[in-house]
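I have placed the structure first, in the form of C-alpha cells, so that the comments after it can refer back to it.
All figures in this text were calculated on a predicted structure; none of them were measured in a lab. One-based numbering, in listed order, for ligands and for the atoms of each.
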Amino acid sequence: MKNIESKLTESRKYKPDAQFSSNANLNPKLLKELNSLYKKDPDKFWANLANKEIKWIKKFKSICTGDAPFYQWFKEGKLNISENCLDRHRGNNKNAIIHITENNQKKIISYDDLYLLVNNFSYSLKSIGLKKGDRVIIYMPTIPESIIAMQSCARLGLIHSVVFAGFSSESLKNRINDCSAKVVITVDSFMRNGKVIQAKAIVDEALMNENCPTIDQCIVYKNLGKKIIFNDRDLWWHEILSPKTEIVEPEVMSSEDSLFILYTSGSTGKPKGIIHSTAGYLLNCIITNKWVFDLKENDIFWCTADIGWITGHSYVVYGPLATGSTILIYDGAPTFPKPDRFWDIIENNKVTIFYTAPTAIRTLMKLGEDLPDKYDLSSLRLLGTVGEPINPKAWVWYQLKIGNKKCPIVDTWWQTETGANIIAPIPGVTLTTPGTCTKPLPGIEIGIIDDYGNNVDSINEGGNLVIKNPWPSMLRGIWGDKKRYLDTYWKKYNNKFYVTGDTARKDKDGNIWIMGRSDDVVNISGHRLGTMEIESAIVSHQYVAEAAVVSYKHDVKGEAIHAFVTLKNNFISYNNSDFSDDLREWVKKKIGSIAKPERISFSDALPKTRSGKIMRRLLRNIARGEDITGDTSTLENENILIQLKNIL
Ligand code: WTA
C-alpha cells in the first residue's frame with residue numbers, strides 16, 4: 001500500500017470550559033488513574049467498572065477469556081438489561097422519556113410508568129409464545145412504543161433486530177429471512193416531513209406470498225390510527241395487552257447471551273447482521289455515556305439518532321436509561337415545518353445534552369445560520385457529533401451558535417461493530433481541535449498500521465485504523481456467517497487486530513483524524529452503505545447491463561453517490577433524464593431513499609481492465625472532478641474515459 005496522503009491542516013485548539021470541568025464526571029486526576037490502572041492491570045480495570053456499573057443477578061468470575069477473535073466477557077455473570085435500565089430507577093419519580101411528535105404532541109413517561117408498560121408488553125410477547133433466543137424484528141419509528149418493544153425483548157431474552165423504518169420492503173424481507181425472525185412489530189403509519197408513511201403496508205409487501213416463512217405474527221401498534229389491511233397473522237398491540245398490569249420477572253441472562261442483531265452494510269451486496277452481547281455491550285454503553293457525555297441523573301439527553309441505527313441503540317435506548325437520565329425523542333424531520341425545529345425543541349424542553357450527525361448540522365447551518373440566535377439554548381451543556389468526519393467550519397458554527405462557546409464538543413468515532421464510543425474527547429479534560437475525534441478512551445488501544453502490519457509512525461501519515469485489544473462491547477460475530485466475520489474483521493492481521501475498515505492519521509499532538517474508508521463502503525449523511533449493495537440494486541433493473549457506484553464529496557451529505565450505468569442494447573424507449581428518475585425510484589424500492597444516487601451517468605461501456613474488472617478508481621477521479629492519475633495501461637477501452645468526461 002502506498003500510504004495515504006493527508007492534506008488537512010487544522011490546528012485551532014479549544015480548552016474545556018472551567019465551570020464544566022469542575023463538575024465533570026471525569027477530571028484529569030480520575031482520567032489519569034483510569035489510564036494507569038488499565039496499563040497496570042487491564043482485568044482489574046474492567047472488573048472494577050463491571051462491578052460498579054452493572055446490577056448483577058450473579059457475579060462473574062472471569063474477565064476476558066476465549067481465543068482470538070472469539071472473546072467472551074464476564075462469562076459466568078448473570079443479569080438482565082431491562083432490569084438494569086428500568087427496575088433500578090423505580091420509585092424516584094423521575095421522567096424516563098419525553099416524546100415529541102412531528103405534529104408537536106408531547107408525551108412524558110416516568111421510569112415507574114415505563115417499567116409497567118414494559119412489563120405489560122413483555123407479558124403479551126410471552127403469551128403469544130415467544131421464548132428466549134427467538135428473533136423479533138422491530139420496524140417502527142422512534143416512538144416510546146419502539147423503546148418499550150426493545151426493552152421487552154431484553155426483559156424476555158428475545159433477540160431484537162431493529163430495521164430502520166426508511167428501508168424498503170425488500171431490505172426488510174432480506175433481514176427477516178437472514179435471522180429467521182418469528183415476529184415483526186410495526187405501526188400502522190407514521191409522519192415524516194408532513195407526509196404519512198405507511199409502515200404496515202411495507203411490512204405486508206415484505207411478508208406477501210410466503211416470502212418470509214418463519215414469521216408467525218405481526219404486531220401492529222396504532223400510531224396515527226390510519227386504515228390498514230388486517231391479515232390473519234396480524235395482532236393489534238392494544239388487543240394483546242392484558243387489561244390488568246402484569247409483572248414479568250426478568251429472564252436470567254448470561255453475560256454472553258445475544259441482546260440484539262443490527263444489520264449494517266459491508267463491501268458485498270449483502271448486509272451483515274452484527275451480533276451484540278448482554279453484559280459487555282451494557283458496560284461500554286454505560287461508561288461512555290458517563291465519560292463522554294458526562295451523563296448525570298438530572299440530564300435531559302437528546303440524541304437525534306433513529307432507533308434503527310446503532311447510535312439509537314446505545315445513546316437513546318440502552319446507555320441513558322441504564323444511567324437513569326431522561327431522554328428526549330423526536331419523531332419527525334429536523335426541518336419540519338421549518339429549519340428551526342431542533343432549536344425550538346431544545347429551548348422548550350431544556351435539553352442539556354445534544355448529540356447529532358454532521359449532516360444535520362450542515363443542513364441546519366445552510367438553511368439558517370442565524371436561526372439559533374432567536375432561541376434560548378442556555379440549557380445546553382454538552383454537544384456531540386457522530387457518524388462521519390465533521391468539517392471544521394460546521395464544528396466551529398456548532399460550538400459558537402449552538403454551544404454559545406461554553407459547551408464542549410465531543411466528536412465520537414465508533415461503529416455498529418464496536419457497540420459504543422471508541423475514540424472521543426473526555427469533555428472536561430481534552431483539548432479539542434475541530435475535525436478530530438481526538439484520542440482513544442480508557443481501556444482502548446488503537447493503532448494505525450500499514451498493509452504489512454507495521455506501525456505507521458510518521459506524523460500525519462495515513463494507514464489502516466485497527467483496535468489492538470478486545471473490549472467488552474465488541475461485536476460477537478455476524479449472524480449465520482462465521483467466515484465473513486473472520487474475513488472482514490480479523491484475517492488481514494491474523495486475528496491479532498480488529499480491522500475497522502477506516503483509514504486514519506495521527507497529528508503531532510497524538511490526535512486521530514479519520515480519513516475515510518478503505519473498503520467499498522460509502523458514508524452518505526452519516527449512514528453506511530455498501531457500493532456493491534447499490535450496484536446490485538441498479539443492475540437488477542431489467543434495462544440495465546452494468547453499473548458501478550462511487551462517491552464524491554458533497555457539501556451537506558458529506559459524501560454522495562454517483563452511479564455509472566450502461567444500458568442493455570434493446571433499450572430504446574426512454575430518454576436518459578426520465579430514466580434516471582426511474583432508476584432512482586427503483587433503488588428506493590430496492591433499498592430505501594437513503595441509497596438513491598445523486599448523479600447518474602450513462603455510457604456505452606464502463607472502463608475495465610483486460611481481465612474485465614471495472615476500474616472504479618478512474619470513475620472516482622471522474623466523479624470527483626479530479627485529473628485521472630495513476631496507471632491506465634491495463635485499461636481495455638481507453639476511449640470510454642473521454643466519453644465519460646464529456647458527459648459530466
Ligand atoms: C464513520 C456509527 C469520522 C466511520 C456510529 C465508521 C466517523 C462508520 C465518525 C461507522 C466520526 C463514525 N468521525 N467518521 N466521529 N463516527 N464514523 O456503523 O467511517 O453506522 O467506520 O456507526 O462511520 O458507521 P456506523
Legend entry - Contact atoms of ligand 1, heavy-atom distance to P389 under 4.0 Å: 3 (C), 13 (N), 14 (N)
Legend entry - Heavy-atom gap W309 to ligand 1 smaller than 4.0 Å: no
Inset, instruction - Find all atoms of ligand 1 within a distance of less than 4.0 Å from any non-hydrogen atom belonging to I514, and give their numbers and elements. - result: 3 (C), 14 (N)
Legend entry - Within-shell test, G501 vs ligand 1, heavy atom, strictly < 4.0 Å: no
Inset, instruction - Tell me which part of E388 gets within contact of ligand 1: side chain, backbone, both or neither, using heavy atoms under 4.0 Å. - result: backbone
Inset, instruction - Enumerate the atoms of ligand 1 whose separation from the nearest heavy atom of I310 is less than 4.0 angstrom. - result: 5 (C), 22 (O)
Inset, instruction - Check R517 against ligand 1 and report side chain, backbone, both or neither, counting heavy atoms closer than 4.0 Å. - result: side chain
Legend entry - Pairs where residues 418-435 contributes a residue and the test side-chain hydrogen bond (donor to acceptor under 3.5 Å, both in side chains) is met, not counting sequence neighbours: Y315-N421
Legend entry - Element-labelled atoms of ligand 1 that are located less than 4.0 Å from some non-hydrogen atom of N523: 1 (C), 23 (O)
Inset, instruction - For residues F260 and Y281, establish whether the separation of their ring centroids is below 6.0 Å. - result: yes
Inset, instruction - Give yes or no for whether the N/O distance cutoff of 3.5 Å, strictly under, is met between E417 and ligand 1. - result: no
Legend entry - Donor-acceptor side-chain pairing of T412 and Y355 below 3.5 angstrom: yes
Inset, instruction - Would you mind running through ligand 1 and noting each atom that sits below 4.0 Å from a heavy atom of T311? - result: 5 (C)
Legend entry - Nearest heavy atoms of T500 and V466, plus distance in Å: CG2-CA, 4.3 Å
Inset, instruction - Show which atoms of ligand 1 fall inside a sub-4.0 Å distance from at least one heavy-atom site of V386. - result: 5 (C)
Legend entry - Side chains of N464 and D450, donor plus acceptor under 3.5 Å: no
Inset, instruction - Would you mind listing which atoms of ligand 1 come within a distance below 4.0 Å of any non-hydrogen atom of T412? - result: 9 (C), 11 (C), 15 (N), 16 (N)
Legend entry - Nitrogen or oxygen atoms of G526 and ligand 1 under 3.5 Å apart: no
Inset, instruction - Classify the side-chain pair Y489/E417 by whether it contains a donor and acceptor separated by less than 3.5 Å. - result: yes
Inset, instruction - Answer yes if the side chains of W513 and D507 hold a donor-acceptor pair under 3.5 Å, and no otherwise. - result: yes
Inset, instruction - Can you figure out which of T416, T503, I390 has its heavy atom closest to atom 22 (O) of ligand 1? - result: T416
Legend entry - N or O pair under 3.5 Å between T385 and ligand 1: no
Inset, instruction - Would you kindly say whether Y498 and N469 are connected by a side-chain donor-acceptor distance under 3.5 Å? - result: no
Inset, instruction - Could you tell me whether the side chain of F301 reaches within less than 4.5 Å of the side chain of L328, counting heavy atoms only? - result: no
Inset, instruction - Test I467 against E445 for side-chain contact (heavy atoms from CB on, under 4.5 Å), laying out the working first. - result: CA-CA 6 Å; I467 306 179; E445 298 161 48; over 6 Å; no
